[in-house]
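Only a predicted model underlies this, so the values are computations on that prediction, with no experimental measurement involved.
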Amino acid sequence: MPSPPIEQRRNLVTELPGPASRELDRRRSTAVATGVSSTLPLYVAEASGAILVDVDGNSLIDLGAGIAVVSVGHASPSVVDAVRDQVGRFSHTCFMVNPYEGYVEVCEHLNRLVPGDAPKRSALFNSGAEAVENAVKIARHVTGRQAVVAFDHAYHGRTNLTMALTAKNMPYREKFGPFAPEIYRAPMSYPFRDPEGMTGAEAADRAVEQIERQVGGDNVACVLIEPIQGEGGFVVPAPGFLPAVAEWCRSNGALLIADEIQTGFCRTGTWFACEDEGVVPDLVTTAKALAGGMPLAAVTGRAEVMDGVHPGGLGGTYGGNPVACAAALAAIDTMHRLDLARAARTIGSTVTDRLRSLQKEHPGIGDVRGRGAMLAMEFVRPGTHEPDPDAARAIASACHRAGVVVLTCGSFGNVIRLLPPLVIDDALLADGLDVLSGAVDQVLA
Ligand SMILES: Cc1ncc(COP(=O)(O)O)c(C=O)c1O
């Protein structure tokens, strides 16, 4: 029986957390490992669009979309139908044993959507980290080189290789070493924290100088970059940075891997963030929004690169699971049908206006940045660039107490980021932003 649609309205009916969530949290503390933590102690019973309903009946506005996953909205009807239909037909064969059409069709879509006119191929995996691992495997295999360059403030996952690629120690790397070798870190273009006026080209020169001095261009298999950094603080590089890095890769025989796991699938107002400056990477990693809430990830790239790996060199038991593929086909269709890239741009202009007017009133908001529906505020001690993680934490907590889910991020923990489902309606977004503004006013007063 389909459940009735959930009203797209914030509504708190108990204190937060309510009694049922508190009871679940008590059970959790004796059952779930401490290392797996949650932003809010509110247990979800159901969700739809941009509303989460907890086990006490509280309706919360979700401005995080499960970390940029449910761009098509929670329980998007076409995703739900596709999953129900597929799971009733078959839920697993292992594509490496018995293939099926859904996998092929998802790859066909990815090959069309990912930037670049050259023929492309894709391979499917389960998680973002697994996609990054495989992109690096492919790059090393086809170049015959070993060095991998990643950037300051980067986040690429929690497996051994992707921990090594991730720049932040706590909580991701602390005492989890030794880490995978042959990883080198270059400075990112971070306009708010770079010397004033530093252009993208100058920031790229700074990175290239370090790569050539420390690694040597001939040793670099690939340069891995998030076109807009996610966990690192929604850092948008200065214009010209990405194209200059891409050009350096081309002239040094290194592959450019764009990690579009957080930025991909309409989030930044285009299908992929690297389109903004016309950059065509050799390989693109995707996950998160790809399958509307089901676990699915991909590596997509030029055919001669992707096909450089021998048969059997890539894969995994669950990679490209048929239910996840059915969900992806429905999610991609929904993104086209509802023009969610445009929706992201509209959300972007509404939110940016609000955040910029808040910034005018509060010198503790050092920077407002982002693109499309991937937006953030960086908090600093007024009049300085000194990070203020306490402010970010206190503002996020005030939002949570009022029933609005916002997330923090950043190398310094001082950034609040907004990643609403792209189907959020205007009134709900306005209510969420009112709560956020109130929290900022209260904490920074
Ligand atoms: C840019 C980027 N790369 C990789 C990952 C890792 O993805 P997953 O958590 O699915 O392994 C993330 C997750 O937040 C991400 O934002």
Side-chain angles (χ1 to χ4, degrees), residues 9-12 14-18 21-22 25 37-42 50-52 54 58-68 153 168 170-171 190-193 229-236 347-348 350-370 373-420 424 427-445:
R9 190 171 69 87
R10 181 172 61 105
N11 186 28
L12 302 185
T14 69
E15 78 277 15
L16 297 183
S21 272
R22 286 204 303 274
D25 220 38
S37 60
S38 302
T39 305
L40 283 84
L42 304 179
I51 288 285
L52 297 166
D54 77 6
N58 297 298
S59 293
L60 319 167
I61 304 177
D62 186 3
L63 298 184
I67 321 191
H153 313 289
K168 190 174 175 179
M170 270 308 266
Y190 190 159
F192 180 62
R193 296 197 169 273
Q229 290 182 320
E231 308 303 300
F234 281 26
V235 177
V236 186
I347 292 169
T350 306
V351 176
T352 305
D353 286 351
R354 284 298 290 271
L355 301 189
R356 286 210 198 291
S357 62
L358 266 179
Q359 188 186 22
K360 286 203 188 93
E361 292 158 37
H362 296 289
I365 302 175
D367 197 21
V368 169
R369 59 175 178 256
M374 182 172 181
L375 295 156
M377 290 184 280
E378 176 161 355
F379 294 93
V380 292
R381 313 254 176 239
T384 74
H385 277 54
E386 195 191 326
D388 189 353
D390 296 338
R393 235 184 335 262
I395 291 163
S397 300
C399 290
H400 300 165
R401 283 194 300 276
V404 176
V405 180
V406 296
L407 306 172
T408 58
C409 66
S411 288
F412 314 104
N414 64 331
V415 175
I416 287 190
R417 56 173 156 172
L418 302 176
L419 292 159
I424 192 168
L428 200 60
L429 181 61
D431 185 27
L433 292 173
D434 286 346
V435 168
L436 176 61
S437 306
V440 169
D441 289 340
Q442 179 198 325
V443 171
L444 298 185

All pairs passing ring pair (Phe, Tyr, Trp, His ring centres under 6.0 Å) where residues 389-410 contributes a residue, at least two apart: none

Under the side-chain contact (heavy atoms from CB on, under 4.5 Å) test, residues paired with Ser37 that sit two or more places apart: none

Side chain to side chain contact (heavy atoms under 4.5 Å, CB included) evaluation trace for Val443 with His362: CA-CA 10 Å; Val443 171; His362 296 289; over 6 Å; no

Test side chain to side chain contact (heavy atoms under 4.5 Å, CB included) applied to Leu355 and Arg369, step by step: CA-CA 9 Å; Leu355 301 189; Arg369 59 175 178 256; over 6 Å; no

Full working for side chain to side chain contact (heavy atoms under 4.5 Å, CB included) between Ile365 and Phe379: CA-CA 5 Å; Ile365 302 175; Phe379 294 93; 3.7 Å; yes

Side chain to side chain contact (heavy atoms under 4.5 Å, CB included) between Leu358 and Leu444, worked out: CA-CA 11 Å; Leu358 266 179; Leu444 298 185; over 6 Å; no

With Arg193 via side-chain contact (heavy atoms from CB on, under 4.5 Å) - residues at least two apart: Tyr190, Glu378, Val380, His385, Pro387, Phe412, Asn414

Smallest separation among heavy atoms of Ala439 and Ala398, with atom names: CB-CB, 3.7 Å

Any donor-acceptor N/O pair, Arg10 side chain to Gly432 backbone, under 3.5 Å: no

With Asp62 via side-chain contact (heavy atoms from CB on, under 4.5 Å) - residues at least two apart: Leu52, His74, Val405

Point-to-point distance, once rounded to the nearest 0.5 Å, from CG of Leu60 to CG of Leu12: 7.0 Å

Sidechain-backbone polar pair: Arg22 side chain, Pro17 backbone, donor-acceptor under 3.5 Å: yes

Side-chain donor/acceptor of Gln229 to backbone N/O of Val236, under 3.5 Å: no

Those residues that, when tested against Pro382, pass side-chain contact (heavy atoms from CB on, under 4.5 Å) (two or more places apart): Pro363

For the student: nearest non-hydrogen atoms of Arg401 and Leu16, plus distance: O-CD1, 3.5 Å

Distance (rounded to the nearest 0.5 Å) between Ile67 CD1 and Thr39 OG1: 6.5 Å

Partner set under side-chain hydrogen bond (donor to acceptor under 3.5 Å, both in side chains) for Ser437, not counting sequence neighbours: Arg354

